[in-house]
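Predicted model only: the values in this text are computed from it and were never measured. Counting starts at 1 for both ligands and their atoms, in listed order. Heavy atoms only: backbone and side chains are in, while hydrogens, waters and symmetry mates are out.
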Amino acid sequence: MKTISTVLAIVSLTVCSSTSHAQLSSGWKAHDNNRPQPKVVDPGEAASKSSVPSDAIKLFDGTDLSKWDGPDGKEPKWIVKDGVMECVKGSGFIYTKEKFADCQLHVEWASPANVKGNSQGRGNSGVFLPGGYEVQVLDSFDNKTYADGGAASIYGQHPPMVNASRGPGQWQSYDIILRMAKFDEDKNLTSPAMITVLHNGVVVQHGSEPYGPTSWVLHYDYDPKKTEAPIGLQDHGNPVRFRNIWIRNLDTTVTQGTYAKERDFTEDEVKRFVGKYEGDHEVSLIDGKLWLKNLGRNMEMRAYADDTFGLLKSAGSISFTADDDGKVTALKFKFDAGQNGNFKRIE
Ligand code: MG
């Protein structure tokens with residue numbers, strides 16, 4: 001039997017846990033040095049030249065910064081030379097003039113070949129996604145930093161699954177897929193943002209859900225007003241280079257289909273179709289539902305008219321022919337998947 005003090009302790013623990021400050025789902029506070037380091041994976045050689053999908057918007061093709069602004073809409077001060085752009089210390093972020101939301105973003109970058117600094121001070125920049133999430137750019141080749149701040153981390157929140165970094169000075173790529181956070185009419189968060197990242201072709205973030213916009217030390221709350229925004233590249237004081245940046249807007253609208261009107265039937269109405277047909281086809285009646293056996297698979301049927309049917313889960317039509325006495329003599333179907341035929345009844 002529990003003593004009163006034990007019971008009180010349990011009650012107090014229960015109350016404590018239910019009213020304690022919300023813990024991040026990862027169980028890690030930002031920048032915890034005890035968080036395990038991502039395993040190192042050699043991503044292989046860089047592709048010599050990336051091609052660009054036909055529906056992509058080229059944000060930087062090596063020519064100029066015409067698609068970019070500096071801070072406060074001013075002219076960007078980053079250098080463009082030899083087909084690449086380079087961050088200039090103290091010049092500030094650069095931002096795309098165009099705003100984006102759900103997108104696929106390709107960015108190639110290289111940290112300085114001349115290695116200087118360590119941890120967050122070595123080859124630091126960042127790709128800032130609409131909604132305010134930084135995919136960290138850092139020379140993470142043999143450069144330890146807190147796990148949630150390495151290259152391809154969702155900064156301060158989600159470390160990459162593995163460290164697929166190439167060495168200093170080598171070109172690296174990010175392929176980032178962003179789904180924006182969704183809000184209801186009352187501006188309540190209905191689903192967090194989702195970020196997938198391939199670093200040098202290696203999946204390192206797979207549908208990672210930010211806790212909100214990223215920041216150093218802080219986590220901000222989701223902002224329902226941030227439905228679209230420019231892409232930003234960070235000036236963190238290091239001469240990180242970028243090239244071949246393109247983006248595709250993703251239309252995630254799901255086209256809603258409409259089923260043809262279905263008709264109820266009684267067993268008496270449809271039992272005349274039950275039987276075996278050529279080609280190992282069979283129509284059976286099980287628990288008041290009609291099933292068609294085709295290629296050894298039983299598929300539930302739906303009725304659209306007295307003698308016209310379809311399948312519950314696949315598009316197409318099934319019809320029957322009858323002789324002058326009303327006896328069903330053949331089964332005919334045409335499925336949108338490409339299969340069709342006319343089969344005589346054999347039993
Ligand atoms: Mg950064």
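Using modelled atom types, one finds no donor on one side chain facing an acceptor on the other under 3.5 Å when comparing Asp148 with His158.
For the ring-ring contact (aromatic ring centres under 6.0 Å, His included) with Trp109, the qualifying choice from Trp171, Phe242, Phe60, Tyr174 is Tyr174, the only one to do so.
Taking 2.8 Å as the criterion, Asn124 counts as a coordinating residue of the Mg ion (ligand 1), since one of its N, O or S atoms falls below it.
Classification of the Phe183-Tyr222 ring pair by plane angle, with boundaries at 30° and 60°, yields perpendicular.
A distance of 11.5 Å separates CD1 of Ile94 from CD1 of Ile231, quoted to the nearest 0.5 Å.
To the nearest 10 degrees, the angle centred on the Mg ion (ligand 1) between O in Ser125 and OE1 in Gln136 reads 80°.
Of all the N, O or S atoms in Glu134, the one closest to the Mg ion (ligand 1) is OE2.
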